[in-house]
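Read the numbers this way: they start at 1 and go in the same order the structure lists the ligands and their atoms.
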Amino acid sequence: MAKVAGEKPFSEVIKDRRATNNFEEVPIHAADLEKIIRAGLEAPSGYNLQPWRFIVVREREQKKKLRQAAFGQPKVEEASAVVVACGDPKGWKDGDLEEMIRLAQEHGMNDDNLFNTIRQNVTNFLGGNPGKPGGTEPTWDLWVNRHVMIAFTTIMWMAEALGYDTAPMEGFMENQVKQLLHIPERVRVVAMLAIGRRKGPDKPYGGRFDTSRTIFAEEWGKKIEF
Ligand SMILES: Cc1cc2nc3c(=O)[nH]c(=O)nc-3n(C[C@H](O)[C@H](O)[C@H](O)COP(=O)(O)O)c2cc1C
């Protein structure tokens, strides 16, 4: 088992990260794994509703089955841990909203008027009808995706900062993953993250688009000057 890792500077982490294709089959240190996953829980979310749920798959047999649900990608079985990132669009109704308020009170926030406004806003927004795909209001899929991916990415950066390698994945059959991991029907599986030690050298950097294609100033399409 690897020893507990120190942390790399963040800009180095960003520069060095690659999506890893093959991992050494070594266990991850439990203290590192806990630090990595807990980092994700510190992500921001609308009204602090934290609609993410993570299933950490470490057991060999379970990883093997998960690999089958991920088009046979070897990294799912080889990685030390695979984090299956899910989003619950209705968790707010099942206690998350009241738990968020209880936690806020525990942390010294005592504005009952604000809490009642939040209760009303959340119920109006998330208790209403979702937007239609392609419309201007968010669908519940978009809403959970928006939140889960921030937490997911935070987990990825923390793993990389501790010197682990990671592979984000969308290549899986959601229904098969849900069946295998006993995920409730209303919950969406947003992405999976394999974490471990890469086998062999990193794949080459694929480059990124020129800023003229991806960053605009003041309005869509207007060139930015730094
Ligand atoms: C949300 C997401 C899903 C991805 N899904 C897969 C996948 O299922 N299988 C795979 O081999 N790579 C997957 N990738 C990795 C991308 O191919 C990779 O990030 C991209 O080519 C850029 O390479 P780099 O991350 O090494 O810079 C995924 C990346 C992201 C962000």
Side-chain angles (χ1 to χ4, degrees), residues 8-25 28 36-37 39-45 50-58 62-89 133 138-181 183 187-215:
K8 273 165 76 173
F10 194 44
S11 36
E12 218 174 280
V13 168
I14 292 172
K15 182 173 67 63
D16 292 348
R17 183 207 59 79
R18 295 279 64 81
T20 295
N21 268 331
N22 290 96
F23 290 90
E24 300 281 0
E25 290 187 55
I28 187 168
I36 288 166
I37 300 285
L41 306 186
E42 296 304 324
S45 57
Q50 309 165 55
W52 45 68
R53 301 289 185 267
F54 300 102
I55 303 174
V56 182
V57 180
R58 280 176 291 183
Q62 194 74 331
K63 284 190 293 180
K64 205 172 188 166
K65 290 180 194 159
L66 192 58
R67 175 181 176 179
Q68 296 318 308
F71 303 107
Q73 297 190 69
K75 56 189 148 215
V76 177
E77 194 176 342
E78 295 167 358
S80 311
V82 180
V83 178
V84 180
C86 306
D88 185 348
T139 63
W140 299 155
D141 291 349
L142 175 63
W143 187 76
V144 291
N145 190 69
R146 181 181 279 162
H147 294 100
V148 173
M149 283 313 283
I150 299 182
F152 177 96
T153 309
T154 307
I155 290 171
M156 183 186 77
W157 290 131
M158 181 52 90
E160 294 274 343
L162 292 181
Y164 291 93
D165 299 291
T166 60
M169 273 174 281
E170 60 183 334
F172 55 84
M173 299 292 287
E174 187 182 16
N175 55 347
Q176 290 179 19
V177 174
K178 284 174 80 163
Q179 201 175 21
L180 175 67
L181 306 182
I183 297 169
V187 171
R188 298 304 308 260
V189 183
V190 174
M192 305 204 305
L193 184 72
I195 304 172
R197 304 273 186 208
R198 73 166 185 265
K199 188 154 59 189
D202 257 333
K203 72 176 166 62
Y205 177 54
R208 291 299 185 264
F209 294 147
D210 187 78
T211 57
S212 61
R213 191 176 282 272
T214 49
I215 307 177

Glu25 atom CD, neighbour heavy-atom count above 12 within 6.0 Å: yes
Asp210 and Ser212 side chains, donor-acceptor separation under 3.5 Å: yes
Heavy-atom donor-acceptor pair, Arg67 side chain to Gly72 backbone, under 3.5 Å: yes
Check ligand 1 for close polar pairs with the protein: N or O on both sides, less than 3.5 Å.
{"residue": "ligand 1", "atom": "5 (N)", "partner": "Pro168", "partner atom": "O", "Å": "3.4"}
{"residue": "ligand 1", "atom": "5 (N)", "partner": "Glu170", "partner atom": "N", "Å": "2.9"}
{"residue": "ligand 1", "atom": "8 (O)", "partner": "Gln73", "partner atom": "NE2", "Å": "3.3"}
{"residue": "ligand 1", "atom": "8 (O)", "partner": "Glu170", "partner atom": "N", "Å": "3.3"}
{"residue": "ligand 1", "atom": "8 (O)", "partner": "Gly171", "partner atom": "N", "Å": "2.9"}
{"residue": "ligand 1", "atom": "9 (N)", "partner": "Gln73", "partner atom": "OE1", "Å": "2.9"}
{"residue": "ligand 1", "atom": "11 (O)", "partner": "Lys75", "partner atom": "NZ", "Å": "2.7"}
{"residue": "ligand 1", "atom": "14 (N)", "partner": "Pro168", "partner atom": "O", "Å": "3.2"}
{"residue": "ligand 1", "atom": "23 (O)", "partner": "Lys203", "partner atom": "NZ", "Å": "3.1"}
{"residue": "ligand 1", "atom": "25 (O)", "partner": "Arg17", "partner atom": "NH1", "Å": "2.8"}
{"residue": "ligand 1", "atom": "25 (O)", "partner": "Arg17", "partner atom": "NH2", "Å": "3.0"}
{"residue": "ligand 1", "atom": "25 (O)", "partner": "Ala19", "partner atom": "N", "Å": "3.4"}
{"residue": "ligand 1", "atom": "26 (O)", "partner": "Arg18", "partner atom": "NE", "Å": "3.0"}
{"residue": "ligand 1", "atom": "26 (O)", "partner": "Ala19", "partner atom": "N", "Å": "2.8"}
{"residue": "ligand 1", "atom": "26 (O)", "partner": "Lys203", "partner atom": "NZ", "Å": "2.8"}
{"residue": "ligand 1", "atom": "27 (O)", "partner": "Arg17", "partner atom": "NH2", "Å": "3.3"}
{"residue": "ligand 1", "atom": "27 (O)", "partner": "Arg18", "partner atom": "NE", "Å": "3.3"}
{"residue": "ligand 1", "atom": "27 (O)", "partner": "Arg18", "partner atom": "NH2", "Å": "2.7"}
{"residue": "ligand 1", "atom": "27 (O)", "partner": "Arg208", "partner atom": "NH2", "Å": "2.8"}

Within 45° cone and under 6.0 Å: Arg197 NZ/CZ vs Phe23 ring: no
pair Met156-Arg17: side-chain heavy atoms closer than 4.5 Å: yes
Close side-chain approach of Leu66 to Gln62, heavy-atom, < 4.5 Å: no
